[in-house]
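Remember, predicted model here, so these are calculated numbers, not experimental data.
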Amino acid sequence: MEIITTIDNIRSKVKEWKLQGLSVGFVPTMGYLHEGHISLVNESNKQCDKTIASIFVNPSQFGPNEDFEAYPRDFDRDCSLLEANGCDIVFYPEKNEIYPENFATYINIISDMPKQLCGKSRPIHFQGVCTVVAKLFNIVTPDKAFFGEKDAQQLAIIKKMVADLNIDVKVVPCPIIREEDGLAKSSRNTYLNKEERIAALILSKSIFLGKSLVEKGERNADIILSAMIEMINSEPMAKIDYVDAVDGLTMLKVKNITGTTLFAMAVNIGKTRLIDNFVVEAK
């Protein structure tokens, strides 16, 4: 496995592969990898001849009071995991490689999509996500890019950006990976102390409750949300940012399950903000 730190070198390598007729899969990450990230790498290996993973903690998607400096990092461990799972290249640029001096161009989706859910409390977040992902797509020029469904709003926004800007990459969604006790895998889980880790299970418990109500035939989103919120509020350490039901494409709120409906939440456990979701495809 190669570690490449410059744009020129990664472009040169990808051009070499493409001249050989090889397909390229791409897994963009911010590092501190877990089984969820590795599942994306494994899917890329299945679908593509070569796999590139990037590790870049993107400063432009963090607000002024968020955890950019504290965000967990362990590059050596990440590389060991990636190499053991068949990744071909790690793209590991410095901040100045991605955002050189006087950088001044950002990507905004001018719709209500980034204003919903996480965008309510993180107003610059998706501008930063879109900008860095577009840059990485332009640098790596992959055939396919693999994203986890846990970040459902991010996934929908990236798909919209790719379609609107005619970016020549296929975005491949991959399922949420959970711990044995149900908690969705996240790099931020490492922030939780023992008591908070137990309390955090209230997210997945409410997700499973919501799913069970849907499976029993409930189609009123407000009834499902009320039950989920009541369960989350039963945990004293949990503070809700949002629990919403939205259209899976537009991210706008819905009252009833029709088409693709996303039930999504962000909940603070202590100082740690966690997200989780499930999707219902109406028949």
Side-chain angles (χ1 to χ4, degrees), residues 1-31 33-58 60-61 78-79 81-94 97-99 105-107 109 113 126-177 185 248-249 260 279:
M1 186 181 74
E2 291 185 68
I3 298 170
I4 294 179
T5 60
T6 68
I7 291 169
D8 287 345
N9 286 346
I10 195 76
R11 281 179 165 165
S12 176
K13 190 66 179 182
V14 172
K15 285 177 182 176
E16 178 186 319
W17 284 343
K18 291 192 173 183
L19 284 172
Q20 298 171 27
L22 301 174
S23 59
V24 179
F26 180 45
V27 180
T29 84
M30 294 208 300
L33 305 183
H34 52 68
E35 289 90 335
H37 297 107
I38 298 306
S39 72
L40 307 182
V41 172
N42 291 336
E43 191 60 31
S44 176
N45 289 337
K46 289 178 187 176
Q47 296 192 28
C48 302
D49 299 313
K50 297 289 185 179
T51 294
I52 297 171
S54 64
I55 296 176
F56 180 68
V57 183
N58 176 37
S60 71
Q61 70 189 63
D78 291 343
C79 286
L81 278 171
L82 291 168
E83 187 165 28
N85 285 277
C87 184
D88 296 286
I89 288 177
V90 175
F91 181 44
Y92 184 53
E94 294 287 339
E97 188 75 7
I98 300 298
Y99 298 110
T105 303
Y106 292 86
I107 293 178
I109 290 187
M113 283 183 75
F126 291 112
Q127 172 184 280
V129 169
C130 287
T131 301
V132 78
V133 170
K135 284 179 69 69
L136 289 169
F137 284 171
N138 285 332
I139 292 164
V140 177
T141 62
D143 298 288
K144 296 181 179 182
F146 298 81
F147 291 87
E149 291 178 339
K150 183 172 75 72
D151 295 298
Q153 185 177 16
Q154 170 181 280
L155 175 60
I157 286 172
I158 288 171
K159 289 171 75 173
K160 176 67 171 168
M161 177 187 73
V162 165
D164 285 354
L165 298 182
N166 305 108
I167 300 175
D168 190 17
V169 61
K170 181 180 179 182
V171 175
V172 181
C174 298
I176 295 172
I177 305 297
K185 298 273 188 180
L249 294 177
T260 301
V279 174

- Task: Using the test ring-ring contact (aromatic ring centres under 6.0 Å, His included), find all partners of F137 that sit at least two apart in sequence or belong to another chain.
- Result: none
- Item | Donor-acceptor pair between S60 and Y99 side chains, under 3.5 angstrom | yes
- Message: What I want to check is whether the side chains of D8 and T6 have a donor and an acceptor closer together than 3.5 Å.
- Response: no
What distance do [X] atom [atom1] and [Y] atom [atom2] have between them, rounded to the nearest 0.5 Å?
{"X": "I7", "Y": "L136", "atom1": "CD1", "atom2": "CG", "value": "9.0 Å"}
{"X": "H37", "Y": "C87", "atom1": "NE2", "atom2": "SG", "value": "12.5 Å"}
{"X": "L82", "Y": "I55", "atom1": "CG", "atom2": "CD1", "value": "5.5 Å"}
{"X": "S39", "Y": "L33", "atom1": "OG", "atom2": "CG", "value": "11.0 Å"}
{"X": "N85", "Y": "M1", "atom1": "CG", "atom2": "CE", "value": "10.5 Å"}
{"X": "I52", "Y": "I10", "atom1": "CD1", "atom2": "CD1", "value": "4.0 Å"}

- Message: Under the criterion side chain to side chain donor-acceptor pair (under 3.5 Å), I'd like the reasoning laid out for N45 against T51: C-alpha separation, chi angles, the key distance, then a yes or no.
- Response: CA-CA 6 Å; N45 289 337; T51 294; 2.8 Å; yes
With a 4.5 Å cut-off on side-chain heavy atoms, are [Y] and [X] touching?
{"X": "T260", "Y": "L249", "value": "no"}
{"X": "I157", "Y": "V129", "value": "no"}
{"X": "T5", "Y": "P93", "value": "no"}

- Message: Using side chain to side chain contact (heavy atoms under 4.5 Å, CB included), reason through M30 and Q61 one step at a time and then give a plain yes or no.
- Response: CA-CA 11 Å; M30 294 208 300; Q61 70 189 63; 3.7 Å; yes
- Hey, does the side chain of T29 reach the backbone of S54 with a donor-acceptor pair shorter than 3.5 angstrom? yes
- Query: So, the side chain of E83 versus the backbone of E2: is there a donor-acceptor pair under 3.5 Å, distance only?
  - Reply: no
What are the two closest heavy atoms between [X] and [Y], and how far apart are they?
{"X": "A156", "Y": "G248", "value": "CB-O, 4.0 Å"}
{"X": "V169", "Y": "A145", "value": "CG2-N, 3.8 Å"}
{"X": "L40", "Y": "C174", "value": "CD2-CB, 3.3 Å"}

- Query: Going through the distances and angles, do F126 and Q154 end up as a side chain to side chain contact (heavy atoms under 4.5 Å, CB included)?
  - Reply: CA-CA 7 Å; F126 291 112; Q154 170 181 280; 4.1 Å; yes
- side chain to side chain contact (heavy atoms under 4.5 Å, CB included) partners of I107, counting only residues at least two apart: C130, T131, A134, M161, L165
- Message: Holding to side chain to side chain contact (heavy atoms under 4.5 Å, CB included), I want the full list of residues that pass it with S12, two or more places apart in sequence or in another chain.
- Response: none
- Query: Which pairs pass salt bridge (charged side-chain N to carboxylate O under 4.0 Å, His left out) with one or both residues in residues 132-160, sequence neighbours excluded?
  - Reply: K160-D164
- Using the salt bridge (charged side-chain N to carboxylate O under 4.0 Å, His left out) rule, collect all pairs that involve residues 166-177, keeping only residues at least two apart or in two chains. none
- Residue pair I4, K13: steps toward the side chain to side chain contact (heavy atoms under 4.5 Å, CB included) verdict: CA-CA 9 Å; I4 294 179; K13 190 66 179 182; 4.3 Å; yes
Could you list the donor-acceptor pairs under 3.5 angstrom formed between side-chain atoms of residues 14-27 and any protein atom two or more places apart in sequence or on another chain?
from, atom 1, to, atom 2, distance (Å)
K18, NZ, T141, O, 2.4
S23, OG, D49, N, 2.9
S23, OG, D49, OD2, 3.2

- Please assess F146 against Q47 for the test side chain to side chain contact (heavy atoms under 4.5 Å, CB included), listing each intermediate value before the final yes or no. CA-CA 10 Å; F146 298 81; Q47 296 192 28; 3.9 Å; yes
